[in-house]
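Okay, so here's the structure we're looking at.
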Protein chains: 2
Amino acid sequence: MRLNEIRYARAMTSTGSPTRRGPGSVPKNVRPAPDDVDRAILHELAVDGRLANNALAERVGIAPSTCLARVRALREAGVIRGFHADVEPRALGRDLQAMIAVKLAAHARGSMGPFVQRISRQPEVLDVYFVAGANDYLVHVAVGSTEDLREFVAEHLNRDPDVALTETNLIFEHTRAAGRR
Amino acid sequence: MRLNEIRYARAMTSTGSPTRRGPGSVPKNVRPAPDDVDRAILHELAVDGRLANNALAERVGIAPSTCLARVRALREAGVIRGFHADVEPRALGRDLQAMIAVKLAAHARGSMGPFVQRISRQPEVLDVYFVAGANDYLVHVAVGSTEDLREFVAEHLNRDPDVALTETNLIFEHTRAAGRR
DNA sequence: GGTGAAATGAGTGCGAG
DNA sequence: CTCGCACTCATTTCACC
């Protein structure tokens, strides 16, 4: 059985760069910029975060020890932020999800950090999007009931003096794109 | 060294149910409803999806073989939908994120399935929220440039006859709550 | 359903190309 | 940077409680 076949002939993104970036490339940031093998690793681990190291190595066409070193490097560089189990919220008694648009008061516009930190600490909160436009934030929450939702909005949002107004929309369905995150 | 210490005295959610649900509980669905150990497992794996099985077993206070069986059961029951690496989008050349509100045309309101399937197949799409309210969908995308964003909206949304109107808002920052997903 | 021990298989460090 | 080898440790199965 041949182990070193190059199987990762997937499209990935259309960046068009060959195996290694050319010597006359842009400086970019401090980031080493992942090559094609790194991109293949990232894709495989995004699809299946528990893929074993040797299986991953075989898929991307390198030796297991090399693969391990690359994954470690990607983790330490912050390219891979972590590995997480995707848990069905309804199994945890959170049958209801909502997207809450939040507009901050004028006096709170300067320092927005505290609000995000406070709000993302709440167990109901799944995502906080800081957006341009009419609203300042979109807060994605999962709660157990409409009563919990009402209480969350009242306690953590409307009660906050930094919050000018909120608009709550129920989420009927949420599909996430596993494999490209 | 004592292995069987119960360390998972975390708050979890305030459901208030003791170790096993009482005999006179509600029928609920077909779902076996996770007990406290399952909840601890889910929490640990949501925080660190690559936590080794024996380490996980020690944390939740059961034997490794039992722990393995529970994790398998949770996976097959669909409570754990999968394990995914959390990859920094900017490392993949996607420096720009946006939340696009989409309103469908009246004639397309009946069959909304095709739209979601089509749109979530695109590599730029991270999340699709089907929401109540003025808009029908919120589409979370990550692209390489404003030009890519414009092209995505034009090609995959405005060109679609099912789409009545779109509203694109840039995302300055996105914080996800790892540990409760 | 839970557990412990045994066999299989994977993760990890090191020296070398 | 890449690899292969050797050692250590975890995963998984099974009979039994």
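Convention: sequence-line order gives letters A, B, ...; per-chain numbering from 1. Note that this is a predicted model, so its numbers are computed, not measured.
Note: CG (B:D36) to C1' (C:dG1) measures 16 Å, nearest angstrom. Whole-Å rounding puts the B:L68 CG to D:dC9 P distance at 20 Å. Going from atom CG of B:L56 over to atom P of D:dT12 covers 12 Å, rounded to whole Å. Rounded to a whole Å, the CD atom of B:E58 is 16 Å from the C1' atom of C:dT3. As rounded to whole Å, 15 Å separates atom C1' of D:dT11 from atom CD1 of B:I62.
Of all nucleotides listed (C:dA10, D:dG4, C:dG13), C:dG13 comes nearest to the side chain of A:R72. Considering only the side chain of A:A52, C:dA10 comes nearest among C:dT3, D:dT12, C:dA10. In the set D:dT2, C:dA10, C:dT3, C:dA10 carries the atom at the smallest distance from any side-chain atom of A:N54. Out of D:dG4, C:dA10, D:dT11, the shortest distance to the side chain of B:N53 is found at D:dT11. For B:R70, whose side chain is taken as the heavy atoms from C-beta onward, the closest listed nucleotide among D:dG4, C:dG11, C:dG1 is C:dG1. Closest to the side chain of B:S65, from the set D:dT2, C:dT12, C:dT3, is C:dT3.
Atom CG in B:L138 sits 10.0 Å away from atom CD1 in B:I100 (nearest 0.5 Å).
In this structure, B:T66 reaches the C:dT3 phosphate: one of its side-chain N or O atoms is under 4.0 Å from OP1 or OP2.
With contacts defined as side-chain heavy-atom distances shorter than 4.5 Å, the pair A:V139/A:T166 does not qualify.
With respect to A:R118 and A:D162, a salt bridge is recorded, a charged nitrogen being found less than 4.0 Å from a carboxylate O. Under 4.0 Å is where a charged nitrogen must lie from a carboxylate oxygen, and between A:R109 and A:D136 at least one such pair does.
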